[in-house]
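As structure tokens, the structure follows; a few thoughts come after it.
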Amino acid sequence: METEVLIAGAGPTGLVLAIDLARRGIRHRIVDQSERGFPGSRGTGIQPRTLEVLDDLGAVEALMAAGGPVPLVQNWRGTERTDVRQLVVPADASPGVPYPVPWMVPQWRTVEVLTAHLEELGGHVEFRTELTGFAHDADGVTATLRRADGTAETVRAAWLVAADGGRSTVRRTLGVPMTGTQVVDPHPMLVADVILEGPDRPHIDRDHWHMWAENGLLALRPFEGTETTQVMASFPDAEGALEAAQALTPDDIGRLVAERSGLRLTVGEVRWSSAFRPRMGMAERFRTGRVLLAGDAAHIHSPAGGQGLNTSLQDAYNLGWKLAAVLRLGAPDSLIDTYDAERSKVAADVLSLSSRIHASDRVPERGPQRRGKETHQLTLGYRESPLSRELRREIPEGGLQAGDRAPDAPCGTPAGAAMRLFDAFRGPHFTLLNLTGTPVQAPEADWIRMPEVVDAHGHIKEAYGTGLFLIRPDGYVGLATDDPADVAPYLAELAGV
Ligand SMILES: Cc1cc2nc3c(=O)[nH]c(=O)nc-3n(C[C@H](O)[C@H](O)[C@H](O)COP(=O)(O)OP(=O)(O)OC[C@H]3O[C@@H](n4cnc5c(N)ncnc54)[C@H](O)[C@@H]3O)c2cc1C
């Protein structure tokens, strides 16, 4: 094989997969047809669970520096400010959740941060390179790449991952249908990144997300650390309304902003814009032989509730360690089937959540409604997965179970230094957490670590209870047991060792 994994598309999904594979030493190529990454603000809400994923991958500090907490909403009625409200609730402050506050980062900056992090790890995106077609067989994929200079190349790869977005060439070439496809909202929506000008420009302070709801939604969201403001507007459903929204010029957008706000605002420049009817749908399957669909290529959402990018990026995080286990440890091919089983269930749940949020936002003259804790993605898990083995005799009611996200906890090292459980989990390895109270022989494999942690304040015990917990590399409890003898058979089944 020339390469082990070929990734089509360097949006958030493809980049996270490339980062995870790079840190595992898996030979991969990542190609993108664009000039240099996605230029628009699109997916801005980064949820607490995604921040944890980025912490594990070593990119959370750079990402947080590129944005800020989701601001409060300043409601307006015409030129009058009315109430200020919280649109996005943070997670409860708790020892188990290190990043309780959803973060707001324009997608182009997220893509920049992830691209830079991939380069730090020795990888790179091949821009201006389009995947135009492929054939697949039992051992891999033969794909054709075409560069902007007109040259073409044939690549042989053991696996192809389609991270090529909602219009996925790969999904269409495979002929995998989208199921449940429907328009979530017939009202066209405009999203544009603009330089806002005009005498009333100072009223649009950069600490708030400014909203008007009386004459159709208008939302103005200045982004921290950038000079751009995101304009969001919805339009009445009418024949030709979408095409009209798609044809808006900078002057038209300026007029729209001035009319709906009543403020003397103009638009000097439009950096990026998109008009669309929010749709939902999910690929019938995420795996076809050696080809895997991930991110928007596998599921498309309403933007309401900020779930699409987060779900997409976590698809990649679920897949990275499984591909590495098959390619390096000799894990059975069936491990890749669990990607489809685990992520298609999550995608279905998240699709219905974003559609529900979208429906509640559509009540006229009310504007978007408060987003609850279910949007944080901290409670998503894989209890029903074939990889989740709950073998403890007693599980406290409402307590952690196999398949759940493995929570963080402040603790200490035997030498007395402060640490967190996430420090022990960080990296590409599995972690065996011994909370049985008796010594357990550490597994010999170098891809499993058994950290020595001191739980002086009882945070670990409170979060986990007692037992032996095998934490997957993507931070979910794979096995929970009382008996150390259960570990070897579980690993044998999982990774073929
Ligand atoms: C208005 C709006 C607001 C949103 N807000 C949020 C939010 O707040 N939070 C959230 O979580 N999500 C949000 N989303 C959704 C989010 O933007 C997407 O879910 C996310 O971009 C999916 O990432 P991806 O990497 O799978 O696909 P994409 O970001 O679409 O990336 C696909 C990449 O593949 C490349 N490509 C395509 N075809 C080929 C090919 N044949 N060969 C090579 N390269 C190819 C493209 O150039 C592109 O770079 C929003 C979406 C919209 C439209």
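Heavy atoms only: backbone and side chains are in, while hydrogens, waters and symmetry mates are out. Indexing begins at 1, ligand by ligand and atom by atom, following the structure's order.
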Give one line per pair: atom of ligand 1, protein atom, distance. Only N/O to N/O under 3.5 Å.
| unit_1 | atom_1 | unit_2 | atom_2 | d |
| --- | --- | --- | --- | --- |
| ligand 1 | 5 (N) | Arg42 | O | 3.2 |
| ligand 1 | 8 (O) | Thr44 | N | 3.2 |
| ligand 1 | 8 (O) | Gly45 | N | 3.0 |
| ligand 1 | 9 (N) | Gly45 | O | 3.4 |
| ligand 1 | 11 (O) | Gly306 | O | 3.4 |
| ligand 1 | 11 (O) | Gly308 | N | 3.2 |
| ligand 1 | 11 (O) | Leu309 | N | 2.6 |
| ligand 1 | 11 (O) | Asn310 | N | 3.0 |
| ligand 1 | 11 (O) | Asn310 | ND2 | 2.8 |
| ligand 1 | 12 (N) | Gly308 | N | 3.3 |
| ligand 1 | 12 (N) | Leu309 | N | 2.8 |
| ligand 1 | 17 (O) | Arg42 | NE | 3.2 |
| ligand 1 | 17 (O) | Gln107 | OE1 | 2.8 |
| ligand 1 | 19 (O) | Asp296 | OD1 | 2.7 |
| ligand 1 | 19 (O) | Asp296 | OD2 | 3.4 |
| ligand 1 | 19 (O) | Gly308 | O | 3.4 |
| ligand 1 | 19 (O) | Leu309 | N | 3.1 |
| ligand 1 | 21 (O) | Arg42 | NH2 | 2.8 |
| ligand 1 | 21 (O) | Gln107 | NE2 | 2.8 |
| ligand 1 | 25 (O) | Pro12 | N | 3.2 |
| ligand 1 | 25 (O) | Thr13 | N | 3.1 |
| ligand 1 | 25 (O) | Thr13 | OG1 | 3.1 |
| ligand 1 | 26 (O) | Thr13 | OG1 | 2.7 |
| ligand 1 | 26 (O) | Asp296 | N | 3.0 |
| ligand 1 | 29 (O) | Arg42 | NH2 | 3.0 |
| ligand 1 | 29 (O) | Gln107 | NE2 | 3.3 |
| ligand 1 | 30 (O) | Arg42 | NH2 | 3.0 |
| ligand 1 | 41 (N) | Leu131 | O | 3.1 |
| ligand 1 | 41 (N) | Thr169 | OG1 | 3.4 |
| ligand 1 | 42 (N) | Leu131 | N | 2.9 |
| ligand 1 | 44 (N) | Gln33 | N | 3.1 |
| ligand 1 | 47 (O) | Asp32 | OD1 | 2.8 |
| ligand 1 | 49 (O) | Asp32 | OD1 | 3.4 |
| ligand 1 | 49 (O) | Asp32 | OD2 | 2.6 |

- Query: Would Asp337 and Lys322 satisfy salt bridge (Lys or Arg N to Asp or Glu O under 4.0 Å), going step by step from the backbone distance to the final call?
  - Reply: CA-CA 10 Å; Asp337 289 333; Lys322 293 176 181 174; over 6 Å; no
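Between the CG atom in Asp205 and the NE2 atom in His203 there is a gap of 10.5 Å [rounded to 0.5 Å].
The side-chain heavy atoms of Asp333 and Val326, taken from C-beta on, include no pair separated by under 4.5 Å. No side-chain heavy atom of Met280 sits less than 4.5 Å from a side-chain heavy atom of His299. Taking 4.5 Å as the limit, every side-chain heavy atom of Gln107 sits out of range of all side-chain heavy atoms of Ser41.
Here ring-ring contact (aromatic ring centres under 6.0 Å, His included) pairs that include residues 106-133, with residues two or more places apart or in two chains, number zero.
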